[in-house]
Amino acid sequence: MNVKYRQSQFNYLGDLQKRSIEFLSAKLDVEGEGLEEKNKTYGLLTAIAMIVGTVVGSGIYFKADDILSFTGGNVTLGVLVILLGAVNIVFGSLTLAQLALRTTTSGGLAGYAEIYYNQTFATVIGLFQSFIYIPVITTVVTWVASSYTLSLLKPDASFEAEIILTIVYLFIIAIMNYYSKQLAGFFQSLSTFIKVIPLIIIMIMGLIWQQPIPAIPSNLPIVEPRDVGFGWLAALVPLAFTFDGWNVVTNIAPELKNAKRNLPLAYILGPIFILVLYVSYFVSLNNILGETFILSTGNHSVNFAFNMIFGRALGNVLIIIVVISVLGVANGMFLANIRLPQAMAEKGWLKSESLKKLHPQHQLSTHSTLLVMVINLLWLVIHYFVFKYQWLPNSDISESAVVFNNLCLLPIYYLVFQLYKKGQIKNKFFGIIAPLFATLGILVIVLGNFILNFKAALITSIVGILFILLFWSYAKRQQSYQP
């Protein structure tokens, strides 16, 4: 297919995963300095591993060709885009770290919103993540897994067949998470461990590769490198998917040893490691296949690279590894999602006794799980029509969800600037420069989204704003009903 697959990454590691996704039920205590040292169990390496494990996932496998396409086949410009993405998350990370160091909450964005703004704003963020952002990404990522599965089993499979397999995968993920948290956790750990194997293989082989550039399959149109002008800024949109998930480590800040030192260090060293891995993979893939081949074959360029290096049989094994990695993303997202409505109901942000109630054996809300499954299926139906009839040309429903999720960070960044003005943050770099550049990074992504497809960006922005207004109205009504 010519339209690029879009996805994001929310893989959570072991028990850290559980801590990060149950934030809405946490106690929001502002004062964080009083934690006893015995409760601070995580060191610098754990924080770095959490950032790397959350960010590095399936995204880079399918975004390398997107980045190259939007830069017109210019590898150097593609490397520059990846560098900009890394700088963006560094400044964003250092900005959020200032809030994480000043509170014991593991609440992430919603937790900070309730502490520093109000419950209404926190509810809006929680509703957006529960019913739009996470289920949209889960749906699209699961579809990507089904598409690559069928590319191995039945290369000529229809789009409808992909949708059917997506439904099957979603039900398997739902059943696994509800009936066996141990099995779901094992699968999550497995996918986290193996996800970097293909990346490292391509990275190493690309450095020593001496074979000639392969011929483009005769059934594909040849796409040559071209001048794109400032259109290369559109590459920042797929890159946002690739780097998504970096802010999750703020949820363990209260339990991080020597957090004032280790949290900023983790937010510098983690992105540097990711940057080296991404740039090496991107350059190596281009060295093996060449720009024209990647532009012409799109997402399936990684299949060709594996088959060239190892032959078709072993190459297919590596593609299976990639599929497992993608399903790991979907599993982590779904695992996070099914807990959010229950936690919001428990805090009174959603008025529902059935959502609040936990199953005595599974320790999960049955109604919350069913609700999330229905929401995922509804988004899959929307994705089917949007993709099949090209209502958003060269785009899909997941892109705007990620852009809006980034926009949710803007008022959080402003909080840090306010703390600097009040004198609670003394350092000018952390109080002014970091939030300023983090804000500019998000605005550039939004600009890139409009450059990528102005009509699609405008339509989805209007729809997104309507959803936010709807959530805001609901949150205000819920508060007015409280005694």
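Here, residue 1 is the first one in the sequence, and each next residue gets the next number.
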Any side-chain heavy atom of [X] within less than 4.5 Å of one from [Y]?
{"X": "Phe91", "Y": "Val87", "result": "yes"}
{"X": "His359", "Y": "Leu364", "result": "no"}
{"X": "Val90", "Y": "Phe437", "result": "no"}
{"X": "Asn177", "Y": "Leu183", "result": "no"}
{"X": "Pro411", "Y": "Phe121", "result": "yes"}
{"X": "Phe387", "Y": "Glu162", "result": "no"}
{"X": "Phe171", "Y": "Met373", "result": "yes"}
{"X": "Pro135", "Y": "Val372", "result": "no"}

Say whether, by atom type as modelled, one donor and one acceptor occur between the side chain of [X] and the main chain of [Y] under 3.5 angstrom.
{"X": "Gln98", "Y": "Val416", "result": "no"}
{"X": "Ser69", "Y": "Asp65", "result": "no"}
{"X": "Asn337", "Y": "Ile134", "result": "no"}
{"X": "Ser180", "Y": "Met176", "result": "no"}
{"X": "Thr460", "Y": "Ala457", "result": "yes"}
{"X": "Asn405", "Y": "Ala401", "result": "no"}
{"X": "Ser365", "Y": "Leu355", "result": "yes"}
{"X": "Ser146", "Y": "Leu165", "result": "no"}

Closest contact, heavy atoms only, [X] versus [Y]:
{"X": "Asn376", "Y": "Thr139", "value": "O-OG1, 3.2 Å"}
{"X": "Ser461", "Y": "Phe450", "value": "OG-CZ, 3.8 Å"}
{"X": "Lys356", "Y": "Glu346", "value": "CG-CA, 3.9 Å"}
{"X": "Ile338", "Y": "Ser368", "value": "O-OG, 2.6 Å"}
{"X": "Thr138", "Y": "Thr142", "value": "O-OG1, 2.6 Å"}
{"X": "Cys408", "Y": "Phe128", "value": "SG-CD2, 4.2 Å"}

Could you give the distance from [atom1] ([X]) to [atom2] ([Y]), rounded to the nearest 0.5 Å?
{"X": "Asn88", "Y": "Ile442", "atom1": "CG", "atom2": "CD1", "result": "6.5 Å"}
{"X": "Leu377", "Y": "Ile167", "atom1": "CG", "atom2": "CD1", "result": "6.0 Å"}
{"X": "Ile274", "Y": "Ile82", "atom1": "CD1", "atom2": "CD1", "result": "12.0 Å"}
{"X": "Leu96", "Y": "Leu409", "atom1": "CG", "atom2": "CG", "result": "6.0 Å"}
{"X": "Glu160", "Y": "Thr166", "atom1": "CD", "atom2": "OG1", "result": "11.5 Å"}
{"X": "Tyr117", "Y": "Ile412", "atom1": "OH", "atom2": "CD1", "result": "6.0 Å"}

Under 3.5 Å, side-chain donor or acceptor atoms of residues 149-156 against the rest of the protein: list the pairs with distances, not counting sequence neighbours.
{"residue": "Thr149", "atom": "OG1", "partner": "Ala145", "partner atom": "O", "Å": "2.7"}
{"residue": "Thr149", "atom": "OG1", "partner": "Tyr169", "partner atom": "OH", "Å": "2.9"}
{"residue": "Ser151", "atom": "OG", "partner": "Tyr148", "partner atom": "O", "Å": "2.6"}
{"residue": "Lys154", "atom": "NZ", "partner": "Asp156", "partner atom": "OD1", "Å": "3.2"}

Criterion side chain to side chain contact (heavy atoms under 4.5 Å, CB included) on Ile200 and Tyr281, from CA distance to verdict: CA-CA 7 Å; Ile200 294 175; Tyr281 172 80; over 6 Å; no

Option among Leu127, Thr123, Leu340 that satisfies the side chain to side chain contact (heavy atoms under 4.5 Å, CB included) test with Leu350: Leu127

Phe404 and its side chain to side chain contact (heavy atoms under 4.5 Å, CB included) partner, picked from Asn449, Val446, Ile465: Ile465

Thr95: side-chain hydrogen bond (donor to acceptor under 3.5 Å, both in side chains) partners, not counting sequence neighbours: none

side-chain hydrogen bond (donor to acceptor under 3.5 Å, both in side chains) evaluation trace for Thr366 with Tyr178: CA-CA 8 Å; Thr366 304; Tyr178 183 76; 2.5 Å; yes

Atom OH of Tyr474: over 12 foreign heavy atoms under 6.0 Å: yes

Verdict with supporting geometry, Ile268 and Leu94, side chain to side chain contact (heavy atoms under 4.5 Å, CB included): CA-CA 8 Å; Ile268 294 173; Leu94 293 176; 4.3 Å; yes

Phe131-Phe467 aromatic ring centre distance below 6.0 Å: no

Side chain to side chain contact (heavy atoms under 4.5 Å, CB included) between Gln390 and Phe385, intermediate numbers included: CA-CA 8 Å; Gln390 289 296 284; Phe385 286 104; over 6 Å; no

Partner set under salt bridge (Lys or Arg N to Asp or Glu O under 4.0 Å) for Lys357, not counting sequence neighbours: none

Mutual orientation of the aromatic rings belonging to Tyr384 and Tyr389 [parallel < 30°, tilted 30-60°, perpendicular > 60°]: perpendicular

Candidate pair His367 and Ser352, rule side chain to side chain contact (heavy atoms under 4.5 Å, CB included), full reasoning: CA-CA 10 Å; His367 287 86; Ser352 173; over 6 Å; no

